[in-house]
Every structure is written in C-alpha cells, then in structure tokens.
Amino acid sequence: MTEQTRAVFENPELLREKLAIFLRKPEKVEIYAKAAEKFFNAGGRQKLKYTSTWSWWGFFGALFGAPWFFLYRKIYVIFFVALAALWIGLVIFSDIFMPGSSDVWLDVVWQLIFAITCAQLSKFTVIDRFSKALDSDELENKGGVNPWGIYIPIGIIVIYAIYGFIIGFIEGFNNAMP
C-alpha cells in the first residue's frame with residue numbers, strides 16, 4: 001500500500017469520496033467504507049488484512065449456480081477461479097465421495113459452503129481491488145459494475161424455469177398416457 005493510498009484510508013471523508021468514484025453506487029458507499037475501515041484497522045492501519053464480513057449479495061449470488069457477485073463487481077479473475085472451484089468441488093463431492101449415487105444432498109452442502117465463503121470474501125475483494133486502483137491511479141477505470149452480472153444470472157434462471165416447466169409437462173403427459 002502506497003503512502004497516498006494509506007492517506008485515503010486514514011481520512012474517513014476522503015475514503016468515502018474515493019469509494020463513491022470507484023463504486024459508482026452512492027447507496028453502497030457507507031457499507032463499503034465501514035468494511036474498508038475494518039480491514040485497514042485489522043492490518044494495523046498499515047495495510048489491508050482480511051477479517052470476516054458478510055455480503056448478502058455475495059451469498060445469494062453464489063447460491064444460484066455461480067459467484068455472480070464477482071462478475072457484477074468486475075472482479076473477473078476471482079469470478080473464474082471461484083467458478084472453477086465450485087465446479088471442481090461439485091465433481092469431487094458427487095463423483096469421489098458418492099460414486100454412482102444420485103443423491104444431491106452433497107451438492108447442496110457444497111453449494112451452501114461455497115455461498116457462505118463467497119459472502120464472507122465479497123467485501124474484502126472489492127476493497128482490495130479499490131486499494132490497488134488507488135495505488136495505480138486508475139480509480140475510475142477499474143471501478144463500477146458490470147450490468148451483465150445481473151442480466152446473465154436472471155436469463156439463466158428464466159431458462160432453467162422454462163426448461164423445468166417443459167420437462168414437468170412432458171413427464172406429466174407421459175405418466176397420464178395408458
């Protein structure tokens with residue numbers, strides 16, 4: 001962390017001003033400012049250090065199939081790493097621990113563990129990215145949100161719902177046939 005970045009974290013008003021530029025969501029500034037102050041204090045006011053926080057957006061985004069929160073916040077590397085970890089974890093839970101089983105409870109447990117982990121790491125990854133953007137003087141370029149981070153999951157959920165409805169209708173029709 002550079003001296004310039006440390007000065008931002010030490011000044012609550014300046015921190016909120018810079019976060020507003022970075023986040024581009026005024027209603028979220030105070031939430032992330034409190035988290036930033038918590039991480040900065042945990043690092044002895046010299047650096048950022050992870051300490052547990054919670055993000056409902058991170059939790060529900062990861063609960064429905066992928067770590068959508070990271071895509072929305074433009075943290076693409078974490079998004080793809082977390083997505084790979086999710087899928088590898090699902091394969092390990094399903095195929096290694098329960099080979100030949102059709103029980104989905106282990107997948108549900110893994111998905112829940114994954115969602116909780118994403119919820120706890122979400123704010124730290126945003127603040128860490130903010131800190132790096134301050135260090136590189138690219139606050140406006142590296143901030144903001146990716147609207148596709150909302151549209152893609154909604155589209156996928158709609159497609160799954162339509163698919164489920166069609167399969168349910170076909171199964172119901174097949175079961176009604178003599």
Side-chain angles (χ1 to χ4, degrees), residues 1-90 92 109-157:
M1 178 179 287
T2 65
E3 287 299 320
Q4 175 186 350
T5 300
R6 188 173 299 113
V8 170
F9 279 91
E10 289 174 345
N11 183 335
E13 293 83 23
L14 185 57
L15 175 65
R16 282 155 178 79
E17 179 185 319
K18 297 290 187 179
L19 273 170
I21 294 167
F22 180 76
L23 295 171
R24 297 185 200 148
K25 294 278 187 183
E27 66 275 11
K28 300 294 182 184
V29 169
E30 192 58 33
I31 294 167
Y32 283 98
K34 288 179 181 178
E37 290 166 345
K38 186 176 182 177
F39 302 137
F40 188 60
N41 289 333
R45 302 188 64 79
Q46 298 298 314
K47 61 180 182 170
L48 296 177
K49 182 179 178 190
Y50 173 78
T51 184
S52 184
T53 56
W54 186 264
S55 168
W56 284 108
W57 289 109
F59 177 76
F60 286 113
L63 192 61
F64 297 111
W68 299 114
F69 174 85
F70 299 117
L71 179 65
Y72 176 69
R73 282 286 172 195
K74 297 167 74 174
I75 308 172
Y76 301 119
V77 171
I78 300 290
F79 170 76
F80 287 113
V81 168
L83 188 62
L86 171 65
W87 288 346
I88 290 168
L90 288 174
I92 289 171
V109 168
W110 174 250
Q111 188 75 36
L112 190 58
I113 291 168
F114 180 76
I116 290 169
T117 303
C118 285
Q120 290 183 335
L121 293 174
S122 295
K123 287 181 184 172
F124 184 77
T125 57
V126 171
I127 296 303
D128 186 53
R129 182 175 166 86
F130 168 69
S131 174
K132 290 175 182 169
L134 283 171
D135 285 344
S136 65
D137 289 329
E138 293 189 37
L139 198 58
E140 292 181 18
N141 295 336
K142 294 194 176 189
V145 295
N146 179 351
W148 288 102
I150 293 177
Y151 301 140
I152 291 171
I154 289 172
I156 289 172
I157 290 169

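All values below were derived from every heavy atom in this structure, side-chain atoms included, with hydrogens, water molecules and symmetry-related copies excluded. Along the sequence shown, residues are numbered consecutively beginning with 1.
Atom-to-atom distance recorded for L48:CG and M1:CE is 4.0 Å, nearest 0.5 angstrom. Between the OG1 atom of T5 and the CG atom of L15 there is a distance of 11.0 Å, given to the nearest 0.5 Å.
Contact detail for W110 and L86: the closest heavy-atom pair is NE1-O, 3.1 Å. Across all non-hydrogen atoms, the minimal contact from V29 to L23 is CA-CD1, 4.0 Å. Contact record, F22 with A133: CE1-CB, 4.0 Å, taken as the closest heavy-atom pair.
Residues satisfying the salt bridge (charged side-chain N to carboxylate O under 4.0 Å, His left out) test with E3, not counting sequence neighbours, are R6. For K142, the salt bridge (charged side-chain N to carboxylate O under 4.0 Å, His left out) test picks out no residue, with sequence neighbours left out. Applying the ring-ring contact (aromatic ring centres under 6.0 Å, His included) test to Y151 and every residue at least two apart in sequence or in another chain returns W148.
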Below 3.5 Å, can you tabulate the donor-acceptor pairs from side chains in residues 61-78 to any protein atom, sequence neighbours excluded?
residue: W68; atom: NE1; partner: F64; partner atom: O; Å: 3.3
residue: Y72; atom: OH; partner: K25; partner atom: NZ; Å: 3.4
residue: K74; atom: NZ; partner: G143; partner atom: O; Å: 3.0
residue: Y76; atom: OH; partner: N146; partner atom: ND2; Å: 3.1

Would you tabulate the side-chain donor-acceptor contacts of residues 120-128 under 3.5 Å, counting partners in other chains and residues two or more places apart, or write 'none'?
residue: S122; atom: OG; partner: C118; partner atom: O; Å: 2.5
residue: K123; atom: NZ; partner: W54; partner atom: O; Å: 3.0
residue: T125; atom: OG1; partner: L121; partner atom: O; Å: 3.3
residue: T125; atom: OG1; partner: S122; partner atom: O; Å: 2.8
residue: D128; atom: OD2; partner: K132; partner atom: NZ; Å: 3.1

Let me check something: any side-chain donor-acceptor pairs from residues 30-47 under 3.5 Å, sequence neighbours excluded? List them with distances.
residue: E30; atom: OE1; partner: R16; partner atom: NE; Å: 2.9
residue: E30; atom: OE2; partner: R16; partner atom: NH2; Å: 3.0
residue: E37; atom: OE2; partner: R16; partner atom: NH1; Å: 2.9
residue: E37; atom: OE2; partner: R16; partner atom: NH2; Å: 3.4
residue: K38; atom: NZ; partner: S52; partner atom: O; Å: 2.8
residue: N41; atom: OD1; partner: R45; partner atom: NH1; Å: 2.7
residue: N41; atom: ND2; partner: E37; partner atom: O; Å: 3.1

